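Worksheet: one structure, shown below.
Source: prediction; values computed, not measured.
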Amino acid sequence: MAKFIFVTGGVLSSLGKGIASASIGALLKSRGLKISMLKFDPYINVDPGTMNPYQHGEVFVTKDGAETDLDLGHYERFIEMDLSSYNNVTAGQIYSSVIEKERRGEYLGKTIQVIPHITGEIQERIKKVAKKDKADVVIVEIGGTVGDIESLPFLEAVRQFRLREGKEKTLFIHLTLLPYIPFSAELKTKPTQHSVGRLREIGIQPDLILCRTQTPLTDEARDKISLFCNVERKDVIQAIDVKNVYEVPLRFEKEKLTDNIIEKLGLSTSKKNFKDWQKWIEKSNSLQREVKIGVVGKYVKMKDAYKSINEALFHAGVINKTRVKLFWFEAEDIEEDAEKCLSSLQGILVPGGFGKRGIEGKIRAIQYAREKRVPFLGICLGMQCATIEFARNVICLKGADSTEFKPDTSYPVIDILPEQRNVNNKGGTMRLGIYPCRLKNDSFSYKAYGEELVYERHRHRYEFNNEYRQIFNEKGLRIAGIFPERDLVEIIEIPDHPWFVAVQFHPEFQSRPRFPHPLFVNFIKESIKK
Ligand code: GLN
C-alpha cells in the first residue's frame, strides 16, 4: 500500500520545486524505500513536445518515448530510476481522456464537470503510478503556483485524495520563498503566509513548509511561519540557496526532513545508505582542474533548454576530477567569425534543435572543430549538421543539406525517415524513446561504452540518408553505430581526428551523477588533453 507526498509551490515559480521533490525522493530511497514520482503540469498541451524551448525549456524524453517535463530529468538523476509516460500528466491529457470517455458513453446520463470527473481522473492517475511502479511512496509534484487558475482542479483533486485515503497515508509539503530585504536586513514571511492562506482556503493545510531563502532561516521567521501558517516549528524547513543542486538532499537531511517525513507517514525503513552520494557530492564540490567547453546552440538564452546536457557535462567533469566551464554561443552569432569565438575552447558540443535558424552557425562551429582538431560531440541536430558539414566541405557536395531546412536540395544527406513521410500530426509522432545501437569495434564510441550493443533515447524526424553512406565512408567518415533492425545510422565519427563523435540520439538523458554517460566522460577526457 503506497503512501503519497504532494508538493505544491507558492509565491512565485522557479523556486526549485522539481529539485526539492527529487531530493525528497533521493532521501527516502536512501532509507530503502521504493519511490516513484509524478509531475502534474496544469497546461492544456497534451505534452510539452509541441512547445518552443523558450516557452518550456528542455523536453525530457523517457525510455518509453514520452515527451515530458524537464523535472522528470531531475527525478531520474536524483532517484536513479527510469521513469515513463505514467510519471508526467498534463491537464491536456486529463481533459482529453475525460472527453474520450464521455464520447464512448462511459458517463451516460451525466453532466461532465470538473468536480467530480476531472478531479476523479487526476486521482486515478496518481493511483496508476503507485501501482505501475510498485512504490512505497509516490511523490506528486503539482506544477504551477498556488493561486493559478489552471492548478485549481489538481489541488482540489489532491484535497479529495487525502479525504479518501486518510491523513496517515498522505502528506502535504509546500515550498515558498522568503525574500530577504537588505534595507531592513530581514527575511520576509508575509508572502509565505499569503500563499499558505490560499492553500487553506481550498482546504489544504500543509504539513511541512520548505522555505527557500538566500540567508539562514532565523528563529524569528520560523516562529512567525509556525504561528501564522499553523505548522509546528520543526515542520518549518530551511531550503537555502546552494550552488550545486546535488547538495539539496544533504541540506534537507541536516534539517532532519527525512526522519520527519518517515515519522509523519509511519514508514518502516531500513538503515540509511547515503554515503556514496555524500562522497560524490564532496567530490563534485572540490574540483581543482578546469576545462573550457563551448556549446553552440539555438536557444542558449534559455539555459533550461539544455538542462540535461548541462548536467551530463557536470557529471562527466566530476569523474574526470575537472570543473566544466561552459561557454554558450548562439549559433547565429558565430556565423561570421567562428574562429574568434571558439579559439580558446578545449571542446565543442553542438546540441539538438529544430528548424533552419542558426544552422549555418552550427555548421561553421563544426567545421572549426573538425579542421582545428578540437574534440567534438554532436547530438541529434548536431549530428545532422556534422553530416552536412562533412558533405559540403570534405566530399564537396555543394549545397548539401537536410530536407528539413531545404526540401529541394540536390544533396539531401539528411532526409526524413520513411515512416515520417505521411505523418501529419505534430504531437508525439517523432521517432521517440529507446532504440538499440550496435557499435563498430574500433570506434571512439565503442571505446567509451566498452560494449557492443547500447540503448539510447531518441527524438527526431530526420536521419542520415543511407544513399550517401558509401561516399562518406570513402572520404573518411566512419559509421560507428547502427540501429541494426532498420540499418539506420546512429553514430558518425572522424577517425582521423583526436575525438569527433556525433550521435543521432540523446545520450544526455541517461547521464546520472554517480553513473555519468560514457560519451560525455570521454568527450571531457579528450577535451582536457587539448
Ligand atoms: N530537427 C531534427 C529532426 O527532427 C533534429 C531533432 C533534434 O535535435 N532533437 O530530426
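- Under 3.5 Å, the side chains of Thr213 and Gln238 contain no donor-acceptor pair of N or O atoms.
- Lys3 has no carboxylate O lying under 4.0 Å from a charged side-chain N of Asp136, or vice versa, which leaves the two without a salt bridge.
- One finds no salt bridge joining Lys17 and Asp71 here, because no Lys/Arg side-chain nitrogen approaches an Asp/Glu carboxylate oxygen to under 4.0 Å.
- Cation-pi geometry between Arg431 and Tyr435 is met: the NZ or CZ atom falls under 6.0 Å from the ring centre, inside 45° of the normal.
- Note that CZ of Phe6 is 11.5 Å distant from CD1 of Ile139, once rounded to the nearest 0.5 Å.
- Classified by interplanar angle (parallel below 30°, tilted 30° to 60°, perpendicular above 60°), the ring pair Phe520/His517 is perpendicular.
- Using bins of under 30°, 30° to 60° and over 60° for the plane-to-plane angle, the ring pair Phe329/Phe327 lands in the parallel bin.
- With no hydrogens or angles considered, a side-chain donor-acceptor pair links Asp64 and Ser85 at under 3.5 Å.
- In this model, a donor atom of one side chain and an acceptor atom of the other lie less than 3.5 Å apart for Thr429 and Arg461.
- Under a 4.0 Å N-O distance rule, the pair Lys188/Glu186 qualifies as a salt bridge.
- A centroid separation of less than 6.0 Å is found between the aromatic rings of His315 and Tyr246.
- Electrostatic pairing of Arg251 and Glu247 counts as a salt bridge here, judged by a charged N lying under 4.0 Å from a carboxylate O.
- Scanning for side-chain contact (heavy atoms from CB on, under 4.5 Å) contacts around Glu124 gives an empty result, with sequence neighbours left out.
- Under the 6.0 Å distance and 45° angle rule, Lys356 does not count as a cation-pi partner of Phe405.
- Salt-bridge check for Lys167 with Asp207: failed, with every basic side-chain N at 4.0 Å or more from each acidic carboxylate O.
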